[in-house]
Amino acid sequence: MLNEALTSIKGIGPTRAERFAALGLFTFSDLICFMPREYRDYSRVTNICDLKQDDYAVIRVTELGSPKTVRIPRSHLTVTTVSVSDGTGRLQATWYNQAYAAKNVPTANGGYVIGKFDKRRGMKLLQPAFASVIPGIQPIYPLVKGLNQSIIRNAVRIALNSCRDEITDELGESIRKEFSLMPKADALENAHFPQDAASLNAARRSIAFEDALLFTIMLAYIRSLRSREKGISFDVTGIKDEFLKLIPFALTNAQSRIIDEIACDMHSSAPMNRLIQGDVGSGKTVLALYAMYAAMKNGYQSALMAPTEILAQQHYKQLNSIFGEKAAIITGRQTKKQREELIGKIAEGKVTAVTGTHALIEGDVKFRNLGIVITDEQHRFGVHQRAKLGSKAATPDVMIMSATPIPRTLSLILYGDLDVSILNDMPPGRIPVNTKYVPQSKRIAMYRYIEKTVQEKAIQAYVVCPMIEDNEEMESVNSAEAVFDELSEMLSVRVALMHGRMKNAEKESTMEAFRRGEIDVLVSTTVIEVGVDVPNANIIAIESADRFGLAQLHQLRGRVGRGNMESYCFLLSDSDSKLVRDRLKTLTETNDGFKIAEKDLEIRGPGDFIGTRQHGEVSLGAALGADMNTLLEAHEAAERIMKEDTPDCRRLIDKAKQKYERSYKDIAIN
């Protein structure tokens with residue numbers, strides 16, 4: 001039954017099966033392993049008078065009005081409401097663009113209504129549902145168009161009931177006893193349909209442990225294979241001293257230490273596979289320059305791939321100062337003649353150090369003897385893009401640079417196949433960004449201050465918003481388009497807009513105009529996050545800052561303070577939550593990205609901290625829903641299994657290889 005097609009479930013025909021396929025679900029086994037993204041606790045009744053903003057609530061219905069549906073003029077929005085009272089207060093059960101919901105409203109008092117409470121717009125329960133009994137803890141699954149929670153829950157229930165006897169315990173009894181893990185069938189049952197909070201937590205821990213254990217075993221196996229590969233052994237004698245004479249500044253202690261680590265890797269006969277984690281502005285690029293210089297001194301070429309043309313141009317400027325005419329840049333904007341001439345020089349080996357965007361990996365770009373591949377801001381590249389670049393040489397050294405600080409404990413799990421270097425100090429003279437929390441009541445005053453400062457000091461400012469356009473269901477969140485319209489009318493400075501739906505050429509043109517000083521205030525979504533260097537940008541205001549994680553806010557803050565003037569970051573929020581204020585307070589107290597990342601991990605857990613998909617196209621599944629102790633226990637167990645040559649250990653290694661067989665190349669590259 002585990003391999004039974006979903007079309008054998010009543011109600012899932014060919015069309016609906018395509019919807020499930022869009023989620024990667026084809027069989028009963030896929031459904032059973034499809035974990036909820038979150039849970040809603042509807043296990044107890046709350047009085048309307050006790051409701052707090054954003055509560056997911058169960059309200060006992062003592063009085064029910066008649067449903068009403070209205071269409072909002074000059075919009076495509078319909079709003080359906082029904083008045084609900086529980087004797088302690090009254091609210092409006094409210095649906096947006098769901099006029100059919102009126103048919104599902106009971107005709108008599110009694111029962112319960114569940115939904116998310118929003119008092120900002122007048123005591124509303126958003127997108128609610130009526131129930132005759134208290135629903136308990138409900139799983140919430142990722143959705144695609146054409147599927148809803150009810151359809152997925154019903155399908156999962158049928159799959160679990162049909163296959164329960166076939167679910168086997170891959171970990172074995174000894175590991176389950178040692179780490180107090182649920183039998184797998186029980187864990188899956190309680191992960192999808194928990195009886196209570198305790199059984200849910202135990203189930204999620206058990207499934208997360210297994211996912212993390214098998215994933216870590218796979219990374220350790222890949223690492224052991226890679227150590228046997230034959231790479232290039234570079235002669236690095238005296239190269240560091242030569243290189244230091246070419247740069248106009250002294251290295252920090254961390255930069256010097258990591259250059260020594262890179263030199264050791266390059267000298268080794270095994271290919272380098274190193275991740276450089278450095279905070280915003282910590283000086284990662286000089287490490288790439290050293291590695292490329294060392295390759296050149298050994299007669300090899302190097303490639304540095306950047307996610308945007310603007311970043312590639314910045315890299316080219318630095319390469320040119322070291323390599324002169326032997327440096328080159330490849331972008332999508334070059335003419336056919338320019339490109340052909342440049343490609344010819346690369347193929348002949350006349351160009352030593354090459355940078356560029358994804359244009360670097362096109363099939364017509366051939367290297368004579370590529371020795372090292374470096375990718376900047378690695379999370380911006382798809383794994384297959386990196387694969388294409390790596391395939392330009394047999395076994396090149398690989399270096400990945402990231403400005404996203406990840407706590408060391410989490411790095412052990414996520415990057416077990418890489419050597420990790422942490423660049424944890426800043427170049428001297430870097431002025432910390434002055435960060436302020438701004439309540440909504442002072443928002444207009446803040447923008448007037450930005451206007452005055454831009455005019456008097458001839459500086460520039462960013463304004464970042466969490467979404468592109470207004471959303472009726474998120475009325476309190478200011479969109480980039482709305483803020484652009486507001487500031488264009490309110491401020492007497494040059495305001496421009498940039499967001500992810502714009503064409504790449506339009507985005508690059510806007511960013512280039514900002515860099516040239518032709519725009520005073522750039523209103524944007526998070527597309528400005530990647531490390532563009534605009535030294536004259538000294539203010540960044542972040543709307544609805546509570547909608548971002550701390551690590552992402554820190555990344556955004558890094559867009560300013562890149563010159564020698566005092567810089568400011570303003571965090572706007574209208575939330576009255578103490579937790580939100582405490583989170584944002586962390587940013588006002590420190591500029592250390594690793595401390596902020598640790599705090600973010602502590603507050604949100606690994607899954608929300610890094611997202612649910614890592615290592616290219618490989619999902620870590622339930623592991624990212626676990627706490628760090630569970631992940632570390634799994635990591636330690638995996639290390640032990642790799643060292644012990646027993647039948648159980650060999651079985652688990654085979655299981656890990658089998659589970660990730662289809663994704664092996666993706667993991668190995670990333």
Side-chain angles (χ1 to χ4, degrees), residues 277-282 377 379 402-408 410 422-427 430-443 445-447 449-450 453 459 461-467 476-478 480 483 522-532 534 537-563 565-606 608-611:
Q277 272 191 283
D279 208 345
V280 175
S282 58
E377 294 296 343
H379 57 291
S402 175
T404 306
I406 294 178
R408 187 161 189 83
L410 193 54
I422 295 178
L423 193 54
N424 54 2
D425 57 12
M426 302 293 281
R430 185 77 186 253
I431 303 171
V433 179
N434 205 327
T435 305
K436 305 286 186 184
Y437 172 80
V438 181
Q440 201 69 10
S441 60
K442 296 187 178 179
R443 179 175 177 272
M446 179 204 72
Y447 279 123
Y449 170 81
I450 291 174
T453 308
I459 63 164
Y462 295 103
V463 176
V464 179
C465 303
M467 57 190 190
S476 62
V477 180
N478 289 324
V483 171
L522 180 62
V523 180
S524 173
T525 54
T526 56
V527 290
I528 62 141
E529 195 177 341
V530 175
V532 176
V534 184
N538 287 294
I539 295 177
I540 184 167
I542 304 174
E543 291 269 6
S544 302
D546 50 289
R547 298 278 171 174
F548 300 93
L550 294 185
Q552 189 176 27
L553 288 171
H554 178 63
Q555 284 281 301
L556 291 167
R557 174 169 64 179
R559 296 307 102 231
V560 299
R562 303 176 83 85
M565 291 177 64
E566 187 171 24
S567 298
Y568 292 89
C569 173
F570 298 122
L571 305 173
L572 287 127
S573 174
D574 66 348
S575 173
D576 52 9
S577 162
K578 183 177 185 300
L579 177 62
V580 166
R581 288 197 300 272
D582 288 347
R583 279 183 62 237
L584 297 180
K585 189 179 176 184
T586 303
L587 283 155
T588 68
E589 293 173 343
T590 181
N591 275 264
D592 185 326
F594 287 94
K595 285 182 182 176
I596 290 165
E598 289 281 2
K599 184 71 173 176
D600 214 12
L601 180 61
E602 176 190 322
I603 293 170
R604 299 196 294 156
D608 286 338
F609 176 73
I610 61 167

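Basis for what follows: all heavy atoms, side chains included, without hydrogens, waters or symmetry-related copies.
Side-chain contact check for L550 versus L587: some heavy-atom pair is nearer than 4.5 Å. For the pair L553/I596, no side-chain contact is recorded, criterion being any heavy-atom separation below 4.5 Å from C-beta on. When side chains are defined from C-beta on, C569 counts as touching I542, because their heavy atoms get closer than 4.5 Å. Inter-residue side-chain proximity for R559 and V534 is flagged as unmet; no heavy-atom pair is nearer than 4.5 Å. In this structure the side chain of V464 never reaches within 4.5 angstrom of the side chain of Q552, judged on heavy atoms. In this structure, V438 and Y447 have side chains that are not in contact, with every pair of non-hydrogen atoms separated by 4.5 Å or more. Using a 4.5 Å cut-off on side-chain heavy atoms (C-beta onward), Y568 and T453 make no contact.
Scanning both residues, E566 and N538, for their nearest heavy atoms gives O-CB, 4.0 Å. When every heavy atom of V523 is checked against every heavy atom of A480, the shortest pair comes out as CG1-O, 3.5 Å. In terms of heavy atoms, S573 sits closest to D546 at OG-OD1, 2.8 Å. Closest of all the heavy-atom pairs between F548 and C465 is CZ-C, 4.0 Å.
Under the side-chain contact (heavy atoms from CB on, under 4.5 Å) criterion, P432 pairs with N591, not counting sequence neighbours.
A donor-acceptor pair under 3.5 Å is absent between the side-chain atoms of R547 and the main chain of M467, judged by distance alone.
Using a 4.0 Å cut-off between charged nitrogen and carboxylate oxygen, K595 and E589 do not count as a salt-bridge pair.
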